[in-house]
Amino acid sequence: MGLYIFYIYAGPLVSLGVINAGNLFGFGVAGVLIFTAVFLDKILQAFQTSRGRAIISVICALLVIFSAVFFATLSQVVKHSKYTADNESTVIVLGCQIRGSIPSMTLKARCNAAADYMKEHPDSVAIATGGQGADEDLSEGQCIFNLMTENGIDKSRIYIEDKSTNTDQNVANAKIIIDENGFSSDVAVATSEYHQYRASMICKKNGLTASSIPSRSSRRAKPTFFTREVFAVWAQWLKR
């Protein structure tokens, strides 16, 4: 089981060079399982002493509590990953990494999902969000604008927000554009499916009601990014 979990979480690292809290946690779980298997006899021997039983019992209790909170959060992340956008006229497209001037596959997927929705809803407008990182040749907002116009969305329907550096700022700055132009505060958020729950939390904090336009991540990347998102949600709770 430990080796299998290691294999699952190694996918994004090997194929995409991605290492984050998601696969680091997965590697940690795999390591603990492998360690337990290798030293099972000694662990069982320690359980025969009162001190050993006490230590192991405390560790098991903490693991049960952690697992309960972890899987409760993960269930919310999965629940919010579904497509729920209906007839919202305001679309927020959340930024993602650009390598130089080349958009990541994740950003392309978000833009494609947003463009498909806007083609079905010709009265909708989009706010393309994201500033320019140190290793990026243009802002993520501008890159989103370029991708969506190439996908057939008229440039007059896209507003660029290019100052933000994280999701909180993406949404807060998008809210300013919404208020300045009198757009609806019922928004459809175009972002990766695992990101939708946290995005909805941030929208609510900014007075927006969010529905989902999820883009799909690759099958091998899902465990890593869904796991990472659990910790990102916890960090968002602490901010609140």
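Numbers for residues simply follow the sequence, beginning at 1. Model, not experiment: these values are computed from the prediction.
Looking at heavy atoms from C-beta onward, C111 lies out of side-chain contact with N151 at the 4.5 angstrom threshold. A 4.5 Å side-chain heavy-atom check between R157 and S124 finds at least one atom pair inside the cut-off. Residues L138 and N146 meet the side-chain proximity criterion, which asks for heavy atoms closer than 4.5 Å. By the 4.5 Å heavy-atom criterion applied to side chains, N173 and T129 are not counted as neighbours. Side chains of L208 and I92 form a contact here, defined as non-hydrogen atoms less than 4.5 Å apart. With contacts defined as side-chain heavy-atom distances shorter than 4.5 Å, the pair R220/S15 does not qualify. Inter-residue side-chain proximity for F145 and K155 is flagged as met; some heavy-atom pair is nearer than 4.5 Å. Taking 4.5 Å as the limit, some side-chain heavy atom of Q196 sits within range of a side-chain heavy atom of T191.
One hydrophobic cluster, built from ILVMFWY side chains closer than 4.5 Å, cannot hold both I43 and I55; they sit in different ones. By the criterion of side-chain heavy atoms lying less than 4.5 angstrom apart, applied directly or through intervening Ile, Leu, Val, Met, Phe, Trp or Tyr residues, F66 is not grouped with I59; the two fall into different hydrophobic clusters. Hydrophobic clustering keeps V187 apart from M201 (ILVMFWY residues linked when any side-chain heavy atoms are closer than 4.5 Å, directly or through intermediates).
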Check: Hey, mind stepping through I34 and L3 against side chain to side chain contact (heavy atoms under 4.5 Å, CB included) and telling me if it holds?
Finding: CA-CA 7 Å; I34 293 170; L3 291 173; 3.9 Å; yes
Margin query: Would D162 and Q132 count as a side chain to side chain contact (heavy atoms under 4.5 Å, CB included) here? Give the steps.
Written below: CA-CA 7 Å; D162 59 2; Q132 182 175 348; over 6 Å; no
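The minimum heavy-atom distance linking S81 with V78 is given by the pair OG-O, 2.6 Å. Nearest heavy atoms, F226 versus L74: O-CD1, 4.0 Å.
Between R110 and S192, the side chains place a donor N or O and an acceptor N or O closer than 3.5 Å (distance only, hydrogens not considered).
The aromatic rings of F39 and F35 sit tilted relative to each other, their planes meeting at an angle between 30° and 60°. Between Y194 and F225, the ring-plane angle classifies as parallel under the 30° and 60° cut-offs. Taking the six-membered ring for Trp and thresholds of 30 and 60 degrees, F70 and F231 have ring planes inclined between 30 and 60 degrees apart.
Scored by the salt bridge (charged side-chain N to carboxylate O under 4.0 Å, His left out) test, K205 finds D168 as partners (sequence neighbours excluded).
Judged by distance alone, the side chain of S217 and the main-chain N or O of K222 form no donor-acceptor pair under 3.5 Å.
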